[in-house]
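Have a look at the structure below, then the notes.
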Amino acid sequence: MPQFKHYSQNQTQLLPPDLNDFVALDHIARLINQVVDEMDLSFIERTYSEHGQRAYHPKMLFKLLVYGYTTGLRSSRKLADKLKEDVIFMWLTGRQTPDFRTIADFRKDRLGDVKQAFIQVLSLCQELGMIKVGKVCIDGTKFRADASGNKMQYRKTLEKRKAKIEAKVDDILREAEAIDREEEKLLGNNTEHHTGIDIKEVKKQLNKMKRRQETLGRRKKKLQARKLEINSRLRQMRQDRNSMSSTDKDATMMLMKENYIAPGYNAQFATEHQVILAYNASSDRNDQKQLKPMVKEVEANTNQKPDIIPADAGYGTKLNYRYLKNEGIAAFIPYNNFNKEMVERNKGVYELPQKVNVELERYKFRQRLRLLSPEGKKMMERRRQDVEPVIGDIKRNMRFRRFHLRGKPKCLTELGLVSIGHNLKKIKTWVGKQAKWDDGNQKGQELGVVLGYRPA
């Protein structure tokens with residue numbers, strides 16, 4: 001007979017188990033727990049009132065969300081279920097079990113300034129020596145909005161509706177003028193005794209005209225209200241957008257990476273050594289206007305200006321080249337038809353456009369010199385190995401492909417949480433390497449002890 005280990009589901013224990021014993025020494029949850037405990041979360045605490053019932057501690061809820069986003073679990077209902085099923089979640093929350101509404105409301109209402117927490121994690125990366133803010137790569141990607149494609153409003157449709165309303169208003173005005181002329185013809189400058197019509201008949205026709213005028217006035221008022229509403233939607237949509245969701249005013253119809261069209265956001269990331277330095281979300285379908293805001297965001301988050309910006313051709317515009325030149329930042333950014341032009345130049349068949357923009361051609365010449373140099377080729381390779389793997393990690397490993405909240409401010413909250421989670425994973429890897437290098441970094445040694453890489 002084969003021998004098996006004793007198995008009993010109903011085995012009782014003399015003492016309850018310590019959940020800490022079930023968490024691996026180098027588990028990412030230990031790093032999240034330590035970093036959040038050291039954070040200044042006063043920006044969250046200020047959103048609470050001194051009155052009413054005691055609330056769950058914001059550090060506990062913040063740890064829960066950061067760990068959820070780091071591991072690709074973002075649904076508040078699923079997070080609430082994990083608090084009763086998963087030992088890591090139980091350990092992080094101290095076995096407290098807030099319901100899904102509490103988790104959802106905390107994320108929606110308390111984390112408007114989550115960027116402050118992101119900057120604290122980024123400062124930790126600087127303290128560990130992970131970043132220097134020298135060569136900063138920028139790229140964008142599309143994320144689906146939490147809105148249905150059936151709820152989209154298109155600029156062309158709204159403008160057609162507006163034109164029809166204006167035509168109806170014109171018809172009402174013409175009809176009102178016709179009624180005025182008919183009334184004048186009925187009475188003119190004569191008195192009612194010289195019209196040739198019985199006074200009762202005159203009053204009857206006048207009352208009929210008056211009622212018709214009142215009806216036209218009401219119709220005109222309704223049409224003008226509808227026109228004002230359409231104008232308001234067009235203003236919200238802005239001139240640079242062609243669509244807007246009725247359930248998420250900031251979402252725009254975009255072509256997603258998977259080659260389908262859906263309401264979404266253009267998310268931007270600036271990275272160095274695969275550490276996220278800045279993030280943003282935009283309703284613009286392309287990246288042309290996103291470079292300047294991202295450079296300013298990097299400078300605001302790190303108090304340092306990048307030395308070099310490698311990016312793809314989506315950012316290769318005259319305004320971007322001019323901005324980087326004025327800021328003293330070296331650009332390694334191909335312009336839109338760079339590859340095609342290089343092929344034609346190599347074959348000797350390239351022809352200058354009929355209308356030459358002298359300033360743009362000067363920037364293009366500088367970019368050709370840079371990008372075709374050995375350093376330029378290294379920069380383009382670095383971009384592919386820096387920012388693109390970050391986006392791949394977020395979309396594939398962290399399973400972040402669609403926002404759960406609506407509106408740009410709340411979508412930025414989600415981007416902040418997923419960026420914090422990504423950077424914490426990079427910190428964990430870095431601390432593990434530092435333990436082998438033993439470079440004397442004090443903060444690295446402290447976190448190495450937390451993660452079990454060093455003896456206590």
Side-chain angles (χ1 to χ4, degrees), residues 135-145 154-155 234-244 249-257 259 261-271 276-301 305-306 308-342 353 355-368 370-371 376 379-380 382-384 386-388 390-391 408 411-412 415:
K135 302 177 181 68
V136 177
C137 302
I138 298 176
D139 202 1
T141 188
K142 308 294 194 308
F143 291 113
R144 279 204 62 176
Y154 297 91
R155 178 177 297 279
L234 288 171
R235 282 194 299 272
Q236 287 179 329
M237 194 178 296
R238 305 194 314 267
Q239 289 297 324
D240 55 343
R241 297 172 62 189
N242 67 343
S243 61
M244 179 183 73
K249 306 299 182 184
D250 298 320
T252 305
M253 288 296 274
M254 297 180 179
L255 180 64
M256 298 293 147
K257 187 72 173 179
N259 205 29
I261 297 176
Y265 288 90
N266 182 0
Q268 298 288 312
F269 294 98
T271 68
I276 298 175
L277 307 183
Y279 60 87
N280 199 5
S282 169
S283 302
D284 295 333
R285 290 174 294 172
N286 57 57
D287 298 329
Q288 293 180 359
K289 298 179 182 179
Q290 306 311 311
L291 185 135
K292 182 177 178 179
M294 288 304 295
V295 173
K296 289 184 175 294
E297 193 75 12
V298 170
E299 191 173 358
N301 293 347
K305 187 186 295 184
I308 298 173
I309 297 287
D312 62 25
Y315 302 88
T317 66
K318 180 176 71 174
L319 293 178
N320 287 338
Y321 293 138
R322 181 194 298 165
Y323 168 73
L324 293 178
K325 179 187 175 185
N326 293 338
E327 291 293 317
I329 301 173
F332 284 81
I333 305 173
Y335 42 91
N336 191 30
N337 58 344
F338 174 79
N339 292 330
K340 179 184 176 183
E341 182 178 318
M342 289 302 99
K355 294 183 179 179
V356 177
N357 187 309
V358 177
E359 183 184 5
L360 180 58
E361 289 301 321
R362 194 162 56 242
Y363 293 138
K364 284 183 175 182
F365 177 73
R366 184 180 291 118
Q367 290 307 308
R368 286 196 296 273
R370 286 179 178 172
L371 294 171
M379 286 298 168
M380 290 296 97
R382 174 168 181 154
R383 187 193 70 80
R384 288 189 288 270
D386 198 327
V387 65
E388 291 185 1
V390 171
I391 294 173
K408 181 179 175 179
C411 290
L412 284 173
L415 279 182

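Just so we're clear, the structure is a prediction, and the values are computed from it rather than from any experiment.
When all heavy atoms of P306 and V298 are compared, the closest pair comes out as CG-CG1, 4.0 Å. The two residues M254 and K142 have their closest heavy-atom pair at SD-CD, 3.5 Å. In terms of heavy atoms, V390 sits closest to D386 at CG2-O, 3.3 Å. Heavy-atom minimum distance, Y279 versus E297: O-CG, 4.2 Å. Here the shortest heavy-atom pairing between P334 and A311 reads CD-O, 3.3 Å. Residue R383 comes nearest to C137 through the heavy atom pair CA-SG, 3.7 Å, listed as atom of the first residue, atom of the second, then distance.
Looking only at distances, no side-chain donor or acceptor of D287 sits under 3.5 Å from a matching main-chain atom of G314. A donor-acceptor pair under 3.5 Å links the side-chain atoms of S283 to the main chain of D250, judged by distance alone.
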*With side chain to side chain contact (heavy atoms under 4.5 Å, CB included) as the test, would you mind laying out the steps for V295 and L324 before giving the verdict?*
CA-CA 9 Å; V295 173; L324 293 178; 4.3 Å; yes
*side chain to side chain contact (heavy atoms under 4.5 Å, CB included) assessment of Y315 paired with I309*: CA-CA 11 Å; Y315 302 88; I309 297 287; over 6 Å; no
*Run the side chain to side chain contact (heavy atoms under 4.5 Å, CB included) check on Y265 and K408 step by step: do they pass?*
CA-CA 8 Å; Y265 288 90; K408 181 179 175 179; 4.3 Å; yes
*Quick one: do M379 and R370 satisfy side chain to side chain contact (heavy atoms under 4.5 Å, CB included)? Show the steps, please.*
CA-CA 10 Å; M379 286 298 168; R370 286 179 178 172; over 6 Å; no
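Remark: N337 CG to N339 CG distance equals 9.0 Å, nearest 0.5 Å. One distance of note links CZ of R382 with NZ of K135; it measures 5.5 Å at 0.5 Å rounding. Put simply, CG on N280 and CG on L412 are 6.0 Å apart, with the number rounded to the nearest 0.5 Å. For the atom pair L291 CG and N320 CG, the distance stands at 4.5 Å (nearest 0.5 Å). Here the straight-line distance linking atom CZ of F269 with atom CG of L415 works out to 5.0 Å at 0.5 Å rounding. Within the model, atoms CZ of R362 and CG of N357 stand 9.0 Å from one another, a figure rounded to the nearest 0.5 Å.
Atom NZ of K257 sits in a sparse spot, with 12 or fewer heavy atoms from other residues, nucleotides or ligands closer than 6.0 Å.
Side-chain contact check for P310 versus I308: some heavy-atom pair is nearer than 4.5 Å. Looking at heavy atoms from C-beta onward, M253 lies out of side-chain contact with R285 at the 4.5 angstrom threshold.
Between Y321 and Y363, the ring-plane angle classifies as tilted under the 30° and 60° cut-offs.
Of the N and O atoms on the side chains of Q290 and D284, at least one donor lies less than 3.5 Å from an acceptor on the other residue. For the residue pair N266/Q268, the side-chain donor-acceptor check at 3.5 Å is satisfied.
Among the candidates E341, K364, K318, Q367, the single residue satisfying the side-chain hydrogen bond (donor to acceptor under 3.5 Å, both in side chains) test with Y335 is E341. Across I138, I276, T271, V136, a single residue satisfies side-chain contact (heavy atoms from CB on, under 4.5 Å) together with V387, and that is T271.
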